[in-house]
Amino acid sequence: MSFVRTLRGDIPKDQLGFTYSHEHIVCRPAFWAERGENDLLLDDKEKSKLDVLDFKCHGGQTIVDATAVDYGRDVEAVYAIMEETGVQIVGTAGFNKSFLWNAKVKEELKPIIGNYNTYYEWIDAKSINELADFVIREVEEGLEGTPFKGGQVKFGTGYNRITPLEEKTLRAVARAHHETKAPVHSHTEVGTMGLEQIELLRSENVNLAYVSFGHMDRNPDPYYHEQMAKTGAYLCFDGIAKIKYAPESTRIHLLLELVRKGYENQILISGDTARKTYYKHYDYGLGLEYIIAKWVPRFIDEANKAGFDGDKLVEKFFVTNPANCFAFKR
Ligand SMILES: [Zn+2]
């Protein structure tokens with residue numbers, strides 16, 4: 001029986017419904033707060049909730065919150081938004097690309113991971129299996145000491161490189177996946193190093209059909225995408241609306257290329273909205289409603305004009321594929 005693990009508990013995967021696969025909802029990263037980067041703080045639960053309600057008004061049902069430990073995540077607030085809006089939220093266990101660390105982060109994490117001065121000190125001090133145990137507890141007991149459990153396990157690597165400590169977290173996440181059967185999510189920096197991550201995951205015997213790779217659209221390279229998709233992995237296009245990286249036409253062209261090559265069952269879509277200025281109710285941004293309300297109709301129009309069935313593809317990208325990707329397979 002396949003299920004998806006939301007913050008409230010496990011649900012049959014066919015109850016997931018219309019899903020954004022990589023978002024951020026309430027987080028106050030102490031590292032950015034210290035530097036005065038106010039735009040990066042999603043620090044008002046009520047404002048975040050209004051954007052989640054907009055998403056719901058347009059038919060949205062589930063959001064995957066891809067925030068991992070150390071990024072000032074407010075698990076309690078995210079859970080409260082799920083309860084108050086009825087939008088299902090999936091939480092994330094595991095690691096970010098590398099920790100943005102300062103004295104406050106150290107104090108916040110002390111009850112969870114122990115007394116370490118830096119991220120590197122923590123990861124270096126632990127064995128791979130000890131780190132895997134940390135991830136397993138986040139999936140089976142709860143995130144950051146709460147009773148709300150992670151529904152996927154995450155690791156990440158840097159731009160065009162994988163450090164030994166990043167490799168260690170990748171292996172820990174792979175082992176936590178084997179133990180818990182939780183789906184795996186990868187952060188790729190600017191979409192790079194996906195194939196190198198895949199080699200490492202294979203050395204840990206991970207079946208790539210359980211893995212989604214984030215930020216693939218940051219590297220708008222159809223040949224690369226094909227090599228990734230050939231492995232059976234999911235490709236997450238989570239930069240919708242970020243025209244600063246590429247116009248929408250580029251992402252839609254890349255998506256239709258993947259469909260043309262037969263990979264329509266491995267595509268996920270989201271907006272990775274991690275700034276106040278991306279949210280409508282914080283700072284006049286396009287908001288969480290943008291993809292479902294505006295992008296989807298445009299995609300359907302372009303897909304139909306290119307000879308595809310746009311409605312069918314939207315159903316796959318936002319409903320069927322997330323249901324399969326985020327299911328625990330036992
Ligand atoms: Zn993200």
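Source: prediction; values computed, not measured. The first residue of the sequence shown is numbered 1, and numbering continues consecutively from there. Order of listing sets the numbers, starting from 1, for every ligand and every atom in it.
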Exercise. Can the ring centres of Phe237 and Phe317 be said to be less than 6.0 Å apart?
Worked result: no

For this session: Measure from the ring center of Phe155 to the ring center of Phe95 and say whether it is less than 6.0 Å.
Result: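 Not under 6.0 Å, so no.
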
Exercise. Judged by atom type as modelled, is there a donor-acceptor pair below 3.5 Å linking the side chain of Asp272 to the main-chain atoms of His215?
Worked result: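 Such a contact is absent between Asp272 side chain and His215 backbone.
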
For this session: Could you tell me whether Lys104 and Glu108 make a salt bridge, using a distance below 4.0 angstrom between a side-chain N and a carboxylate O?
Result: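 Yes, Lys104 and Glu108 are salt-bridged.
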
For this session: Only counting residues at least two apart or in another chain, list the ones meeting side chain to side chain contact (heavy atoms under 4.5 Å, CB included) with Asn117.
Result: Lys106, Glu121

Exercise. Going by atom types only, do Thr67 and His24 share a side-chain donor-acceptor pair under 3.5 Å?
Worked result: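 A donor-acceptor contact under 3.5 Å links the two side chains.
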
Problem set entry | Around the Zn ion (ligand 1), number of protein N/O/S atoms which are nearer than 2.8 Å | 3

